[in-house]
Amino acid sequence: TAMRLPIVKAGALMSDAHGGYGLPIGGVLATENKVIPYGVGVDIGCRMCLTVYPLETNYLKQHHKMLQTMLKANTKFGMKEVFDDPMTDLPIFARNAFKEIKLVRDLKDKAYKQMGSSGGGNHFVEFGEVTLEKGNDLGVKAGKYVGILSHSGSRGLGANIAQYYTRVAMDTCRLPKGAKNLAWLDLDSEAGQEYWLAMNLAGDYASACHHDIHRRLGNALGEHPLVVIENHHNFAWKEKQADGQELIVHRKGATPAQKGVYGIIPGSMLTPGFIVSGKGTENSLNSASHGAGRKFSRSFAKQSFTRSELKKQLKDQGVHLIGAGMDEAPGAYKDIEEVMRYQKELVHVEGKFIPKFVKMDK
């Protein structure tokens, strides 16, 4: 349906794809001077962030109780949990968009309160074991390290921006019923310019949230990072194509994979995440999957998996889980190894992250 829109120049579907509002998750769509709010997604700028520390991996076993306590004390999840001391003197809050766009201005207090927190669902913060391969360009020698991996987005700020501008798009761009969630905004229009500014603000806010999470946990560890790797999805970029044309590339649940660009593609709480660098494959629009992708819906997963099964799986693989509903059971996700095999032409694997302590929403 998306590919039949008159504004579309190119598209691709990633190996973790599954259905969603507007574009499917794993959908990549290139348009000319038009942006589709539901082509970006509700959780604007949702990101992965990995911090690698100069600690040997036996640290994870030796300090398992302390690390669980750190996760509980330094992370907040879901709609209601916020920190008593959120960081409010950050550069993100001085951005003009917080003054010039009424919707964004009205959301500033919420953004203050939710700084450093994570969403529900599949969002997480994890301690784990990082393996870096030889020949990486990260300035870190090959070996095994302790890492912190987080996955979250722009919280209430991004969700409200997405919902508001999707309604504006639907009012001005009438599409047939089956395509209505793909309504677009012209970037030359006032609404299009507002959305573009607000979307970029939400993406940078998501990044600031991750940096705050990693700051809190790094302070608790008392360690300085060797390297930080991060990437985002649920976003639209202005990108020049091989023929020189600038297009708006929407990546809804897809990872940027331009040549040499680093990112993280996670699996599940029981499977590895992959540190990757892009190969710059043009027919994927320089994109790769953003994870394993769901195999089953949340409602089906809740009905199909039991807590006792999950506890046994966690114990067998030495993973400590704090929080998470059964909709996030590992069996609800596709096989990340298979997903990675399908996209060998899109990314180089530069390393892995093995989860050991996982914190999610209750």
Side-chain angles (χ1 to χ4, degrees), residues 1-48 122 153 162 175 178-179 181-185 187 199 203 231-267 273-295 333-350:
T1 302
M3 290 299 293
R4 287 199 296 267
L5 297 176
I7 61 168
V8 170
K9 300 297 180 183
L13 197 62
M14 300 299 104
S15 56
D16 63 338
H18 56 94
Y21 292 106
L23 272 188
I25 287 70
V28 184
L29 202 68
T31 62
E32 188 174 5
N33 204 45
K34 307 288 190 296
V35 64
I36 303 170
Y38 263 10
V40 168
V42 174
D43 194 4
I44 297 171
C46 190
R47 319 177 59 85
M48 304 300 306
N122 63 349
L175 295 175
N181 287 328
L182 293 165
W184 62 80
L185 297 168
L187 286 179
M199 179 198 71
N231 62 272
H232 55 305
H233 46 268
N234 292 5
F235 207 70
W237 289 259
K238 292 180 179 179
E239 293 181 3
K240 279 201 172 179
Q241 306 306 299
D243 61 3
Q245 184 182 23
E246 183 180 80
L247 296 178
I248 308 303
V249 180
H250 304 69
R251 293 187 178 93
K252 187 177 180 188
T255 298
Q258 291 90 350
K259 189 172 179 60
V261 170
Y262 273 76
I264 306 103
I265 299 175
F274 290 82
I275 301 163
V276 300
S277 63
K279 292 186 175 181
T281 306
E282 286 184 23
N283 65 2
S284 78
L285 291 168
N286 294 306
S287 307
S289 83
H290 83 313
R294 291 194 73 90
K295 181 164 60 175
Y333 285 87
K334 297 174 185 177
D335 180 348
I336 185 62
E337 301 282 357
E338 185 176 47
V339 167
M340 295 304 296
R341 283 196 297 273
Y342 286 149
Q343 55 184 357
K344 280 184 176 179
E345 68 198 75
L346 309 184
V347 291
H348 294 282
V349 173
E350 307 282 2

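From a predicted model like this one, the values you see are computed outputs, not experimental measurements.
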Side chain to side chain contact (heavy atoms under 4.5 Å, CB included) between Lys344 and Val349, worked out: CA-CA 9 Å; Lys344 280 184 176 179; Val349 173; over 6 Å; no
Evaluate side chain to side chain contact (heavy atoms under 4.5 Å, CB included) for His232 paired with Trp237, printing each intermediate quantity in order. CA-CA 11 Å; His232 55 305; Trp237 289 259; 3.5 Å; yes
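Scored by the ring pair (Phe, Tyr, Trp, His ring centres under 6.0 Å) test, Tyr38 finds no partners at all (sequence neighbours excluded). In terms of the side chain to side chain contact (heavy atoms under 4.5 Å, CB included) criterion, residue partners of Ala292 (sequence neighbours excluded) are, by chain and number, Tyr333, Ile336. By the side chain to side chain donor-acceptor pair (under 3.5 Å) test, Asn286 is found to be paired with no residue, residues two or more places apart in sequence or in another chain being considered. When the side chain to side chain contact (heavy atoms under 4.5 Å, CB included) test is applied to Glu338, the partners found at least two apart in sequence or on another chain are Asp335, Arg341, Tyr342.
For residues 273-284, every residue pair satisfying the side chain to side chain donor-acceptor pair (under 3.5 Å) rule, not counting sequence neighbours, is listed here: Ser277-Glu350. Sorted pairs that involve residues 240-250 and meet salt bridge (Lys or Arg N to Asp or Glu O under 4.0 Å), not counting sequence neighbours, are lacking altogether. Residue pairs meeting the salt bridge (Lys or Arg N to Asp or Glu O under 4.0 Å) criterion with at least one partner in residues 286-295, sequence neighbours excluded, are Arg294-Glu328.
The structure places CG of Leu182 at 7.0 Å from CG of Leu175, a figure rounded to the nearest 0.5 Å.
Distance alone, capped at 3.5 Å, is enough to place a donor-acceptor pair between the Lys252 side chain and the Leu23 backbone.
Between Ile44 and Ala162, the closest heavy-atom pair is CD1-N, 4.1 Å. Across every non-hydrogen atom of Gln241 and Leu247, the tightest pair is CG-CD1, 3.6 Å. Of all heavy-atom pairs spanning Ala236 and Ile248, the tightest one is CB-CG2, 3.9 Å. Smallest separation of non-hydrogen atoms from Gly253 and Ile25: CA-CG2, 4.2 Å.
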Can you give me every donor-acceptor pair (side chain of residues 255-265, partner residue at least two apart or in another chain, under 3.5 Å) with its distance?
from   : atom 1 : to     : atom 2 : distance (Å)
Thr255 : OG1    : Ser289 : O      : 2.8
Gln258 : NE2    : Glu239 : OE2    : 3.1
Tyr262 : OH     : Asp137 : N      : 2.9

Per-pair distances, 0.1 Å, donor-acceptor, side chain in residues 5-21, under 3.5 Å, sequence neighbours excluded:
from  : atom 1 : to     : atom 2 : distance (Å)
Lys9  : NZ     : Glu32  : OE1    : 3.4
Ser15 : OG     : Val339 : O      : 3.2
Asp16 : OD2    : His290 : N      : 3.1
Asp16 : OD2    : His290 : ND1    : 2.7
Asp16 : OD2    : Gly291 : N      : 3.2

